[in-house]
Amino acid sequence: MLSVNDIRNNTEELLGRLQLRRFDAHNYFTEIIELDGKRKKTQTELDSLLASLNQLAKEIGELYKKGNAEEAEKRKSETATIKESSKDLTDKLHKTEEAIKSLLVLIPNAPHTSVPKGSASKDNEIVKESGELPNLKEGALPHWELAEKYELIDFELGAKITGSGFPVYRGKGARLQRALISFFLDKALDAGYTEYQPPVLINPDSGYGTGQLPDKDAQMYLLEADKMYLSPTAEVQLTNLYRGDLLKSEQLPIKMVAYAQCFRREAGSYGKDVKGLNRLHQFDKVEIVQIQHPDNSYNVLEEMTDYVSGLLDQLELPYRVAKLCGGDMGFTSALTYDMEVYSGAQKRWLEVSSISNFETFQAHRLNLRFKEADKKACLVHTLNGSALALPRIVAALLENNQTTEGIKIPAALIAYTGFDIID
RNA sequence: GGAGAGUUAGCAGAGUGGUCGAUUGCGAUGGUCUUGAAAACCAUUGUGCCGCAAGGUACCGGGGGUUCGAAUCCCUCACUCUCCGCCA
């Protein structure tokens, strides 16, 4: 959520940045600034009314103390009209505040000035490519066939006990999952992140804090009886750990990592996008989150991107990094890098990580601030990224490393899997 | 799931209708003293909103109500603790 003061003070700049995602905020801004003026005026009126009411109450109290009940009763009658108008003004104030908020939640984050203008993924800017594309022989199998051949993943059994998009991993398939999770967590620990194991159910306040609610609720599974959602990403839990906090500047940066199972309804997806592991309703992901001083956030975004690149290097997967154009970025992000690995048999790039700086957009909703000595509290910057999401990594590992003898495990992982080939 | 007790500032913990945004202790910050430190003493020590400022106003778990006046009384929700039941 953008802040009204920013909109008021940096109107032109924000309008320009929002143009990068082809969002015309002009009318929103005009209306918000006008409503905010109204809000201030109402606040002033209400405050002075309440002041007089408080004064009267005090006087009445003193009169009773002195035993002058008659005069006190007389004064009481004076409060009636003041109370009535203060109630009206309070209603008006709340309505105005609601109106402002209802407009603010419709406005996406303002993209960083370096974000390429554009409307779709074709306009993204490839900023890095790394690794050789695999040169697979004719007849190389896609991962879902390899998964069946080596009895690693059973999609039908998953459909039987739950539904489509909920695979069952078994044998070396299950062990590979466990290995990847440990590998990713250990690397994050080495990089200075604190490990967390959060719940996977989230309450509506948390969903609202990171921006999944109010309008992306269709993407989440809802447990109606308990008014909770299954978390779509550990970003929600980790970032919300600090919701509502006022941090001391010495506490920054805060670096967190968590492995969590993630749940997404993915309504409307179909075809080759959902084949095999390409898109699941339940999947495993290791997520890194940082709460940062605003001065550092963009340097840190680069660091995080380099960190994730390093993981892919160690897994010996060919990948590319895209700086997302305005139209392809998420609602809450100011700048996003997507990491894509090449899946040799499908001959497709698969997104395995998305690393974003949200600037103050989430912090504002979360009311998450920090304070430097003798200065006013101000909003932190939040960042997060997958490091990494498992299914597509597994897809690429299986496809790219298939040989006539079996599927080779990259050297960095062998200590975790306990085997070097799937055969 | 049933019964009961709680939720107050960074923490501990008073306050059961009236100058209470809140006693006190600890912690923290600044100062006095000291060669330095400790101790002692003094002062300061929450956040939002309106305002150039003075100041005003709101917040005692969340929401609502009673009252001239609510941390205090009532309703409701959430959470914590104790006991019973159930259970990995």
Side-chain angles (χ1 to χ4, degrees), chain A residues 1-9 32-101 103-104 197-209 213-214 222-229 237 240-252 254 261 291 360 363-380:
Chain A
M1 197 155 70
L2 299 178
S3 76
V4 177
N5 282 341
D6 260 2
I7 290 174
R8 184 190 290 282
N9 299 331
I32 286 167
I33 291 170
E34 193 189 315
L35 281 168
D36 192 50
K38 189 173 156 194
R39 191 202 107 241
K40 288 183 181 186
K41 195 163 155 275
T42 311
Q43 179 82 62
T44 310
E45 285 176 43
L46 178 62
D47 280 358
S48 65
L49 213 55
L50 287 174
S52 62
L53 200 59
N54 288 341
Q55 184 57 36
L56 260 178
K58 263 182 207 171
E59 285 171 15
I60 291 167
E62 272 161 33
L63 285 170
Y64 272 121
K65 235 178 224 170
K66 287 183 196 149
N68 194 346
E70 197 183 323
E71 181 65 20
E73 290 298 326
K74 216 161 148 194
R75 290 295 186 84
K76 271 195 200 177
S77 62
E78 290 175 33
T79 63
T81 51
I82 302 182
K83 279 181 82 174
E84 202 171 309
S85 15
S86 85
K87 197 172 182 310
D88 289 348
L89 280 173
T90 306
D91 284 351
K92 189 174 163 192
L93 186 65
H94 285 160
K95 275 186 189 142
T96 311
E97 282 168 347
E98 284 304 309
I100 292 170
K101 201 165 183 186
L103 290 172
L104 281 176
Q197 202 173 101
V200 293
L201 294 184
I202 57 165
N203 59 32
D205 282 347
S206 297
Y208 179 80
L213 293 175
L222 170 65
L223 279 77
E224 210 143 354
D226 297 288
K227 292 183 192 127
M228 291 197 263
Y229 296 88
Q237 296 98 304
N240 273 283
L241 293 175
Y242 286 90
R243 186 175 73 228
D245 284 5
L246 178 56
L247 303 167
K248 296 192 178 105
S249 54
E250 309 91 81
Q251 288 177 266
L252 300 177
I254 291 165
Q261 293 178 312
I291 296 172
T360 60
H364 190 219
R365 286 169 166 244
L366 292 158
N367 192 24
L368 170 49
R369 297 164 303 158
F370 76 102
K371 198 176 151 102
E372 275 163 314
D374 301 328
K375 283 193 191 163
K376 225 170 125 65
C378 68
L379 295 167
V380 299

Mate of B/C59 where both pairing distances stay under 3.5 Å, Watson-Crick or G-U | B/G46
Please identify each residue that fulfils ring pair (Phe, Tyr, Trp, His ring centres under 6.0 Å) with A/F370, with sequence neighbours left out.
-> A/H293
Test side chain to side chain donor-acceptor pair (under 3.5 Å) applied to A/S206 - qualifying residues, sequence neighbours left out | A/N203, A/R243
In chain order, what residues pass the salt bridge (charged side-chain N to carboxylate O under 4.0 Å, His left out) check against A/E62, with sequence neighbours excluded?
-> none
Residue list, side-chain contact (heavy atoms from CB on, under 4.5 Å) with A/K248, at least two apart or on another chain = A/E250, A/Q251
So, is A/R369 close to the B/U47 phosphate, meaning a side-chain N or O under 4.0 Å from OP1 or OP2?
-> no
May I have the distance from A/L49 (atom CG) to B/G51 (atom P), rounded to whole angstrom?
-> 18 Å
N/O donor to acceptor pairs below 3.5 angstrom from side-chain atoms of residues 90-98 of chain A, sequence neighbours left out:
from	atom 1	to	atom 2	distance (Å)
A/T90	OG1	A/S86	O	2.6
A/T96	OG1	A/K92	O	2.7

side-chain contact (heavy atoms from CB on, under 4.5 Å) filter on A/N54, not counting sequence neighbours, yields none
Polar atom pairs between nucleotides 74-80 of chain B and protein, under 3.5 Å, N or O only, would you list them?
none

Whole-angstrom distance between B/G64 and B/A70, as gauged at atom C1' | 14 Å
Has A/R39 got a side-chain N or O lying under 4.0 Å from the OP1 or OP2 atom of B/C49?
-> no
Assign A/E73 to base, sugar-phosphate, or nothing according to its heavy-atom contacts below 4.0 angstrom with the strands shown.
-> nothing
Residue-level proximity of residues 77-93 of chain A to RNA chain B when a heavy atom falls under 4.0 Å | A/T79, A/K83
Please report, to 0.1 Å, the donor-acceptor pairs under 3.5 Å made by any side chain of residues 46-53 of chain A, with sequence neighbours excluded.
from	atom 1	to	atom 2	distance (Å)
A/D47	OD1	A/Q43	NE2	3.2
A/S48	OG	A/E45	O	3.0
A/S52	OG	A/L49	O	2.7

Looking across every strand, which nucleic acid part, if any, lies under 4.0 Å from A/K371 by heavy atom: base, sugar-phosphate, or nothing?
-> sugar-phosphate
Would you list the protein and nucleotides 56-59 of chain B atom pairs, both N or O, that sit under 3.5 Å from each other?
from	atom 1	to	atom 2	distance (Å)
B/G56	N2	A/D47	OD2	2.6
B/U57	OP1	A/N54	ND2	3.3
B/U57	O2'	A/D47	OD1	3.0

For A/R39, check salt bridge (charged side-chain N to carboxylate O under 4.0 Å, His left out) against everything at least two apart and list the hits.
-> A/D36
Which residue pairs pass the salt bridge (Lys or Arg N to Asp or Glu O under 4.0 Å) test with at least one member in residues 76-90 of chain A, sequence neighbours excluded?
-> A/E73-A/K76, A/R75-A/E78
